[in-house]
Amino acid sequence: MEQWSNETIVDFRRTLLAWYDAKGRDLPWRHGRNPYHTWISEVMLQQTQVQTVIPYYENFIATFPTVADLAQAPEATLLKAWQGLGYYSRARNLQRAAQQLVTDYHGQWPETATELEDLIGVGPYTASAIASIAFDQVVPAVDGNAFRVFSRLLMIDADIAKPKTRQLFTDIIQPIVDPKRPGAFNQAIMDLGSSYMTAKNPDPEHSPVRRFDASYHAGRVLDFPVKTKAPRPKLIPYYGLIVHSPAGYLLVQRGSQEMLSGYWSFPLVKQADLRDEKHADEATEEMDLATLQEKWARENQLTLTLQPLGGRQVSHTYTHQRWQVKLLVAELTTTPTLDFLPGRWVTADQVTALPLPKVQEKMMARYEQHVGHAVFKEN
DNA sequence: GACACGTGGCG
DNA sequence: TCGCCAAGTGT
């Protein structure tokens with residue numbers, strides 16, 4: 001690994017910031033200096049690309065202009081504003097932190113990374129980003145860009161998939177951060193990481209900091225960063241139940257302990273939950289249907305006849321799970337009451353007013369394809 | 001420390 | 001279709 005002298009550090013800062021001042025991106029959250037704007041953008045940008053975030057950010061700030069507005073927003077409004085961004089606990093945590101700011105901090109922002117980390121959903125990266133960008137605290141914001149950029153510049157071969165590696169990078173970058181412009185320094189590193197020093201197809205040849213790039217001079221750019229691979233997503237078969245009555249479609253809201261919590265979907269039943277361990281191998285679709293109609297339907301006080309919807313299943317892949325959803329349709333002539341289900345009968349044109357996860361949109365599209373025409377209103 | 005947690009883009 | 005990546009945090 002390389003070591004930089006004080007002279008090199010000063011030279012690097014000057015080169016980096018001159019480039020950033022001339023070529024840095026003009027992003028909506030970079031207008032003015034507002035900790036609320038910085039915070040919202042940083043949380044949205046967690047594991048999410050800039051181009052995806054921009055429209056969500058604009059809409060979010062327009063819908064919830066201040067911390068106080070966010071703190072008192074109806075949950076459905078919040079989840080709808082976040083729909084499609086993913087990692088939905090970020091939205092709930094954002095609101096909880098807004099409530100912390102109002103009640104515990106009386107609307108007065110804490111200004112150091114250490115204090116900011118006490119906000120729910122604000123970890124070491126986001127705390128440092130807010131502290132440096134909005135409050136000029138001299139701390140490195142160590143995100144994926146910083147890992148990638150500095151691992152290449154200095155040929156640091158520590159495995160960035162390991163949690164303790166963060167501290168190593170923090171310690172290495174800390175003395176390099178420009179004490180006069182820490183926020184600009186951190187954002188410049190991010191712009192570098194999304195332009196010349198990308199993960200795939202980097203262009204270190206034309207990078208403004210090429211002469212500081214040890215991995216480039218060694219011809220080993222793509223050897224950095226070192227990162228162990230994540231395990232493959234696990235296949236989980238589901239049944240998706242499309243139950244239609246005169247009052248509309250049956251939608252259920254996902255529970256607080258579940259994935260996608262707070263969002264609405266057709267009832268989803270894990271295939272494995274219908275089959276007992278010993279005979280899981282011999283189970284058939286007919287047996288599953290019978291179990292669904294007897295056990296599941298009785299538990300929820302419904303009487304229905306489920307028909308498999310032919311054709312391809314709906315497939316949706318998450319970071320750690322791969323869902324294969326077989327759709328089943330039931331047509332009811334009367335509308336049962338829903339005493340035992342966290343569900344609602346929703347008319348076709350009202351479904352898209354609810355916050356819906358991507359897998360639900362895929363199930364609706366598959367169903368529309370089956371019936372041969374549009375059923376649900378465009379979002 | 002390991003794992004859960006969403007979605008879209010790209011080769 | 002598949003694998004990997006993108007401004008991480010909570011448990």
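Computation of the quantities below employed the complete heavy-atom set of this structure, encompassing side-chain atoms and omitting hydrogens, waters and symmetry-equivalent molecules. Just so it is clear: chains get the letters A, B, ... in the order the sequence lines come, proteins before strands, and each one is counted from 1.
Note on residues 352-365 of chain A: pairs passing side-chain hydrogen bond (donor to acceptor under 3.5 Å, both in side chains), not counting sequence neighbours, are Gln83(A)-Glu361(A), His316(A)-Lys362(A), Lys358(A)-Glu361(A). Screening residues 246-271 of chain A for salt bridge (charged side-chain N to carboxylate O under 4.0 Å, His left out) gives Arg254(A)-Glu258(A) as the qualifying pairs, with residues at least two apart or on separate chains. Residue pairs that meet the side-chain hydrogen bond (donor to acceptor under 3.5 Å, both in side chains) test with at least one member in residues 117-129 of chain A, sequence neighbours left out, are Glu42(A)-Tyr125(A), Gln46(A)-Thr126(A).
Rounded to whole Å, the C1' atom of dG6(B) lies 15 Å from the corresponding atom of dC4(C). dC5(B) and dA6(C) have their P atoms separated by 22 Å, given to the nearest Å. Spacing between dA7(C) and dC10(B) at atom P, rounded to whole Å, works out to 15 Å. dG8(C) sits 16 Å from dG1(B) when the C1' atoms are compared, rounded to a whole Å.
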Protein heavy-atom contacts under 4.0 Å, written 5' to 3' over nucleotides 6-11 of chain C as B (base), S (sugar-phosphate only) or - (none), form the string BBBSS-
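To the nearest angstrom, P of dC3(B) lies 17 Å from NZ of Lys229(A). To the nearest angstrom, P of dG3(C) lies 12 Å from CG of Leu235(A). The distance from atom CD1 of Ile54(A) to atom P of dG8(B) is 16 Å, rounded to the nearest whole Å. Between the CD atom of Gln51(A) and the C1' atom of dC10(B) there is a distance of 11 Å, rounded to whole Å. Atom CZ of Arg232(A) and atom P of dT1(C) are 15 Å apart (whole Å). The distance between atom NZ of Lys164(A) and atom C1' of dG1(B), rounded to the nearest whole Å, is 11 Å. Between the NE2 atom of His316(A) and the P atom of dC5(B) there is a distance of 13 Å, given to the nearest Å. Protein atom CD of Gln83(A) is 12 Å distant from nucleotide atom C1' of dT7(B), rounded to whole Å.
Taking the six-membered ring for Trp and the full ring otherwise, Phe169(A) and Phe150(A) have centroids separated by 6.0 Å or more. Checked against the 6.0 Å centroid threshold, Tyr56(A) and Trp82(A) do not count as a close aromatic pair.
Within the nucleic acid shown, Leu85(A) comes within 4.0 Å of at least one base atom, counting heavy atoms only.
With hydrogens and angles left out, the side-chain atoms of Thr291(A) and Arg275(A) include no donor and acceptor closer than 3.5 Å. Under 3.5 Å, the side chains of Tyr216(A) and Glu205(A) contain a donor-acceptor pair of N or O atoms. Under 3.5 Å, the side chains of Tyr249(A) and Tyr367(A) contain a donor-acceptor pair of N or O atoms.
Of the residues near DNA chain B, Ala161(A) and Ser89(A), the one whose nearest nucleotide (by heavy atom distance) lies more toward the 5' end is Ala161(A).
With sequence neighbours excluded, the residues satisfying side-chain hydrogen bond (donor to acceptor under 3.5 Å, both in side chains) with Thr48(A) are Arg90(A).
Taking the charged nitrogens against the carboxylate oxygens, Asp178(A) and Arg14(A) have no contact shorter than 4.0 Å, which rules out a salt bridge.
Close to dC2(C), at under 4.0 Å from its OP1 or OP2, lies a side-chain N or O of Arg322(A). Contact check, Arg90(A) against dT7(B): no side-chain N or O comes under 4.0 Å of OP1 or OP2. Using a 4.0 Å cut-off, no side-chain N or O of His320(A) falls inside it from OP1 or OP2 of dA2(B).
Listed in residue order, the members of residues 352-359 of chain A having a heavy atom less than 4.0 Å from DNA chain B are Pro357(A), Lys358(A).
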